[in-house]
Amino acid sequence: MTKIVLWVSDLEAQIAFYSNLLELELVGREAGFAELTGPGNSVMLHELPMEYRAPVPITAQLQAQTEVAIKPVFLVEDLDAARERLAGTFATAAAEAFTHGHSIYLDVIDPEGNVIQLEQRL
C-alpha cells in the first residue's frame, strides 16, 4: 500500500468524496488533516493554507490542475461501480477507460481539480 497526501480546500467534502469513491475508512483526524485507509489505498487529506484555498463549500468542479507533475493512481475492485459512485459529485471521469498491461484505467478529475486515476486489475 502507498500513502499520498492531497492538499484540499474543502476538507469535509473531500473526506466524503474519497471515502465513498475508494471505499475508505476515516482512521485519523486532526484540525486541518484527515487520513483515510482501505485495501490498497491510503489517502491523507491536508487542508491548504487560507491564502491558497478555493471558496468553500465548493459549488462546482474546480478547473483541472494540469500543471501538476504527478497523477495518483488508486486501486478499485470494480471500475464500473467506482464510476457510479462519482454520480452526484462534482467529479468528472473520462468518457472511456483504457487497458494497459494487466489493468484497466480511468482518468478522473476530483471536485477540487486534482487529476487522479483509478485502476482495476484484470
Min side-chain heavy-atom separation Gln117-Pro72 under 4.5 Å
no

### Query
With side chains defined as the heavy atoms from C-beta onward, is the minimum distance between Leu106 and Arg83 less than 4.5 Å?
yes

For the CD atom on Glu51, are there more than 12 heavy atoms of other groups (residues, nucleotides or ligands in this structure) within a distance under 6.0 Å?
yes

Practice prompt. Mark yes or no for whether Gln65, through its side chain, and Glu112, through its backbone, hold a donor-acceptor pair below 3.5 Å.
Written response: yes

Using the rule given for side-chain contact (heavy atoms from CB on, under 4.5 Å), can you reason through Leu45 versus Leu36, listing the C-alpha separation, both sets of side-chain angles and the distance that settles it, and then say yes or no? CA-CA 8 Å; Leu45 301 172; Leu36 307 166; 3.9 Å; yes

Side chains of Phe74 and Val43: closer than 4.5 Å at any heavy-atom pair? yes

For Val5, the other hydrophobic cluster members (4.5 Å side-chain criterion, sorted by chain and number) are Trp7, Phe33, Met44, Leu48, Tyr52

To the nearest 0.5 Å, atom CG of Leu24 lies from atom CG of Leu22 at 4.5 Å

>> Would you say that Ile116 contacts Leu21 through its side chain, given a criterion of any heavy-atom pair below 4.5 Å between the two side chains?
In response: yes

CG of Leu122 to CD of Gln120, rounded to nearest 0.5 Å, is 6.5 Å

Here the gap from Thr99 atom OG1 to Ile104 atom CD1, rounded to the nearest 0.5 Å, amounts to 4.5 Å

Applied to residues 9-31, the side-chain hydrogen bond (donor to acceptor under 3.5 Å, both in side chains) test, sequence neighbours excluded, yields Glu12-Arg29, Gln14-Asp110, Tyr18-Asp110

- Query: In the single-linkage hydrophobic clustering (I, L, V, M, F, W, Y; side-chain heavy atoms under 4.5 Å), do Leu26 and Leu11 co-cluster?
  - Reply: yes

For residues Val76 and Glu119, determine if any side-chain heavy atom of one lies less than 4.5 Å from a side-chain heavy atom of the other.
-> no

(message) side-chain contact (heavy atoms from CB on, under 4.5 Å), that's the test. Do Arg121 and His102 meet it? Break it down for me.
(response) CA-CA 6 Å; Arg121 293 187 177 146; His102 298 289; over 6 Å; no

Item to complete: Would you kindly confirm whether Ile4 and Ile15 end up in one hydrophobic cluster when ILVMFWY residues are joined by side chain heavy atoms under 4.5 Å apart?
Response: yes

Validation row: Leu118, Leu79 side chains within 4.5 angstrom (heavy atoms)
yes

| said: If you apply the rule side-chain contact (heavy atoms from CB on, under 4.5 Å), what do you find for Ile109 with Gln61, and how did you get there? | reply: CA-CA 8 Å; Ile109 302 169; Gln61 184 177 41; 3.1 Å; yes

- Task: Taking Asn41 for its side chain and Leu75 for its backbone only, find out whether a donor-acceptor pair lies under 3.5 Å.
- Result: yes

